[in-house]
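Just below is one structure, and these are the notes that go with it.
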Amino acid sequence: MSGNVVHLHKDTDPPAEPSAVTRLTVVPDPPTAPPVPLWVRSGRAIKTAATHDTTKTTARTIARHSLYVAGGARIVARRAWDGRTAARYERYMRTAEAAGNFEAAAEWEERGQRYREARHRRRMDLLHSPVDAAKGAAVTTGMGIGGLVLLGIAMAVATKDATDVVTPLMAVIKFINLMLTIVRVVWGPAITIGPFLALLALWAVGSKQQAAPQWALPANVRNGEGEPITPSIVVKALRDLGVPTLRKAIQEMGDAGASMLSPIVIAGCGVEVDVTLPSGVSTPEVQTKRRKLAENLGRHEHEVFITIPQAARTVRLWIADSGALDEPIGPSPLVTDETLTADYTEGKAPWGQDLRGDAAALSVYQRHLLITGLSNQGKTAALRSLALWLALDRSVEFWLGDLKGAGDWNMFDGLATRLIQGPTDEHVIQVTEMVEDAVEEMNRRLQAPPGTEFPPLIVIVDEAQVAFMCPVKDEDKRPYGGSSSTSRYFMAARKIHNQGRAVNVLLFQGTQDPTDQNLPKLVREGAHTRASLALGTESQARMALGDKAVDGGAAPNLLRPGLDKGTLVVASDGIEIPKGQSSITVRTHYISTDDAKVIAQRAKALRDGITTLHVIERGADRDPLADIASVLGNAARVRTKDVLSRLAALNADAYGGWSFLDLTRVLDGTGAEPYKSDGVMVISRDRLARALANRDGDSSASTS
């Protein structure tokens, strides 16, 4: 019973006898698993060893260095073949023919023919060379022996020893014998070591050219991340793009596709190269494979930009240095240069840098603007930086509506004539009425005498999608939002787009996530400058920038949300775009809210003082004197034409049609009549304050 357990216990069944029965129960050991055969354990150990990372690395290293030798031999053999035959000229000729350059093909054919003629002459010379060599050797040997004998005779005469006649000749013989002895000693080791030296030379050639399959190369070389861009890397990336026609054409080219490339030039934080595609390969076939091309180049997708230059069948590749686009650009000149001013007509706003690292400046002169993108990508910051630059031109007037209401535009309080901030339907109504007032101002300017100059009026609506999607209707059942012919905001924006630029009434809009519902087609196509931050889909990119820009390579949908904040794809004639391209990518300067407040203070110092209206008042009885005093603000005196424009902004119904005569009529007899100062008609704040005080005093006296 060895190996078993014996338990003593009482029977649980009722005993047959009165006394309990104690029994012995034998419990067998639990069954154990059968021992694993030795061959199974050995197989598992072999499998573990074979699949271990160290084993794989070792095997890859051995294979790589072995294949370096084979690759080096192939390279050396090809170089030798090219050097001894006309194969090089044949390749160049085929490449020129494939590219359609028949003049170059004829030139290479002529060069190849000259090479063959020279080679034929050399071979014919070899037929006569043995006889010539024998004759030359005989003459040289005879002259050499004769010279040695003459030297020996001279020595014998000098030493008076006849044996010196053969001394020079014997010295030469002994030297030859020494050389033969050295050769006999060295020959054996040289024969042994020579093959190893040859293999080492082939290995050096192969390792330098990385002449091994991708799977055998080191991890850093296989990834290629950060590897400098060379013509061979670009050609291989194109060859492996998965376009059969392109791959076949490259393989048939004698120079392996090198003639497709323009010189690779440094362009900012990357390089740029133009690729002339072979016949039968279209540019969209390369554009649609941007991610694969980037991976073949050892870059991330956002580090490769494909555009279409003016030349036919050509794509332009801009390839960033690895990680360079993740580095921030410098601060805005608006922040660093406190003396910077703006010029609406002739100047350009310092907006940021293009991908080449050059300054990207935008002209806003008579150009409506639309900036769109996903939420929290830097849209407001990009739009605000343009407005801050414009604010440094004292002639520019701002009407501003922020339908987010988060305080991003607070610094324009005291700088903008109108500032409406808030996300509610009531704010949408006020912003819509503000844009409609801009339409009335535009119509007034359009009806002015020819040659009249008008100061720029910039109407800014941030988060414009809130206005387009507002469901509220007015008392006449006209919707404020939407895109129908009865939509108030839509129609006002369309009217400004149609004729506003002619009289310097411009509409700047910022909106999120463009769709046909929150950004109607007619409105987005009315903007002269269209810019887009990161978007989700190509269809949104087409809505934001238009088909022409997207077909030309613009791809804001390929920007990385959250990582490419402030990076805009811009389509506009107001910014310098490389010739042949339809858009440019700009990394905008970020101006923080604190810096924006400082810039706004500088802009306010250039002006006489502006009273900002936060609510548009309509339909109430007006007090003209009080309203004139309110629009004068803190300035000691204000030009009459500025007073008229501010009154119209305060209440277009009451003052929109006022002229200088109306203003003079109201002020006549008050002691605050307009007067001339520095050649222009102005109104004095102090005089008007005394007139109001006198009027209020007279009213109180009459009441009492």
How close do Phe398 and Ala387 get, heavy atom to heavy atom, and via which atoms? CZ-O, 3.5 Å
Between CD1 on residue Ile628 and CG on residue Asp623, distance to nearest 0.5 Å: 9.0 Å
Is it the case that the side chain of Arg367 and the backbone of Thr529 share a donor-acceptor pair, with hydrogens and angles ignored and the cut-off at 3.5 Å? no
Could Glu440 and Arg444 be called an ion pair, given the rule that one side-chain N must be under 4.0 Å from one carboxylate O? no
Check whether any side-chain N or O of Arg637 sits under 3.5 Å from a backbone N or O of Val682 as a donor-acceptor pair, and report yes or no. no
Heavy-atom donor-acceptor pair, Arg316 side chain to Thr307 backbone, under 3.5 Å: no
Out of curiosity, Leu415 CG to Arg602 CZ, how far, rounded to the nearest 0.5 Å? 12.0 Å
To the nearest 0.5 Å, how far apart are CG in Asp474 and OH in Tyr480? 5.0 Å
Nearest heavy atoms of Ala448 and Phe454, plus distance in Å: CB-CZ, 3.5 Å
Test side-chain contact (heavy atoms from CB on, under 4.5 Å) applied to Leu559 and Gln377, step by step: CA-CA 10 Å; Leu559 295 173; Gln377 298 304 307; over 6 Å; no
I'd like to know if the side chain of Arg418 and the backbone of Trp399 have a donor-acceptor N/O pair within less than 3.5 Å. no
Side-chain contact, heavy-atom cut-off 4.5 Å: Val459 with Val435? yes
Using 30° and 60° as the class boundaries, would you call the ring planes of Phe412 and Trp409 parallel, tilted or perpendicular? tilted
Which atoms form the tightest heavy-atom contact between Ala544 and Leu535, and what is the distance? CB-CD1, 3.8 Å
So that I can tick it off, tell me whether Glu436 and Arg488 are bridged by a salt bridge, with the cut-off set at under 4.0 angstrom between side-chain N and carboxylate O. yes
Nearest 0.5 Å, please: how far is CG in Leu388 from CD1 in Ile599? 5.0 Å
Side-chain heavy atoms of Gln421 within contact of Asn410, under 4.5 Å: yes
Option from Asp551, Leu545, Val550 for which side chain to side chain contact (heavy atoms under 4.5 Å, CB included) with Asp547 holds: Asp551
Ignoring hydrogens and angles, tell me if any N or O in the side chain of Asp595 forms a donor-acceptor pair with the backbone of Ile591 under 3.5 Å. no
I'd like to know whether CG of Leu446 has more than 12 heavy-atom contacts from other residues, nucleotides or ligands below 6.0 angstrom. yes
Provide the closest heavy-atom pair for Ala531 versus Val570 in the form atom of the first, atom of the second, distance. CB-CG2, 4.0 Å
Should the pair Asp462-Arg384 be classified as a salt bridge under the 4.0 Å nitrogen-to-oxygen rule? no
More than 12 heavy atoms of other groups within 6.0 Å of Glu576 CD: no
CD1-CG distance between Ile610 and Leu419, expressed to the nearest 0.5 angstrom: 11.5 Å
Steps toward salt bridge (charged side-chain N to carboxylate O under 4.0 Å, His left out) verdict (Asp413, Lys604): CA-CA 10 Å; Asp413 192 356; Lys604 292 174 186 177; over 6 Å; no
Is there a donor-acceptor contact under 3.5 Å from the side chain of Gln366 to the main chain of Arg501? yes
Using only atom types and a distance under 3.5 Å, with no angle test, would you say the side chain of His589 pairs donor to acceptor with the backbone of Gly330? yes
Mind checking whether Thr511 and Thr372 have side chains closer than 4.5 Å, heavy atoms only? yes
Report yes if the side chains of Trp351 and Ser385 come closer than 4.5 Å at any heavy-atom pair, otherwise no. yes
If I compare all heavy atoms of Leu644 with all of Ser659, which pair ends up nearest, and what's the gap? CD2-O, 3.7 Å
Side chain of Tyr590, backbone of Ile329: donor and acceptor closer than 3.5 Å? no
Just wondering, more than 12 heavy atoms not from Asp476 lying within 6.0 Å of its CG? yes
Indicate yes or no: at least one non-hydrogen side-chain atom of Thr585 is less than 4.5 angstrom from one of Trp318. no
Could you measure the distance from the CZ atom of Arg587 to the NZ atom of Lys565? Nearest 0.5 Å is fine. 14.5 Å
Without swapping roles, check the side chain of Asn518 against the backbone of Asp513 for a donor-acceptor pair under 3.5 Å. yes
Determine whether a donor-acceptor pair (N or O, by modelled atom type, separation under 3.5 Å) exists between the side chain of Ser487 and the backbone of Ser484. no
Side-chain touch Met543/Asp516, heavy atoms, less than 4.5 angstrom: yes
Within the 4.5 Å heavy-atom criterion, are Phe490 and Pro520 side-chain neighbours or not? yes
Is there a donor-acceptor contact under 3.5 Å linking the side chains of Asn694 and Arg690? no
Between His368 and His497, what is the ring plane arrangement, given parallel below 30°, perpendicular above 60°, and tilted in between? tilted
Does atom CZ of Arg560 have more than 12 heavy-atom neighbours, drawn from other residues, nucleotides or ligands, at distances under 6.0 Å? yes
Does Lys379 pair with Glu463 as a salt bridge, N-O distance under 4.0 Å? yes
Residues Val643 and Val631: closest non-hydrogen pair is CG1-CG2, 4.2 Å
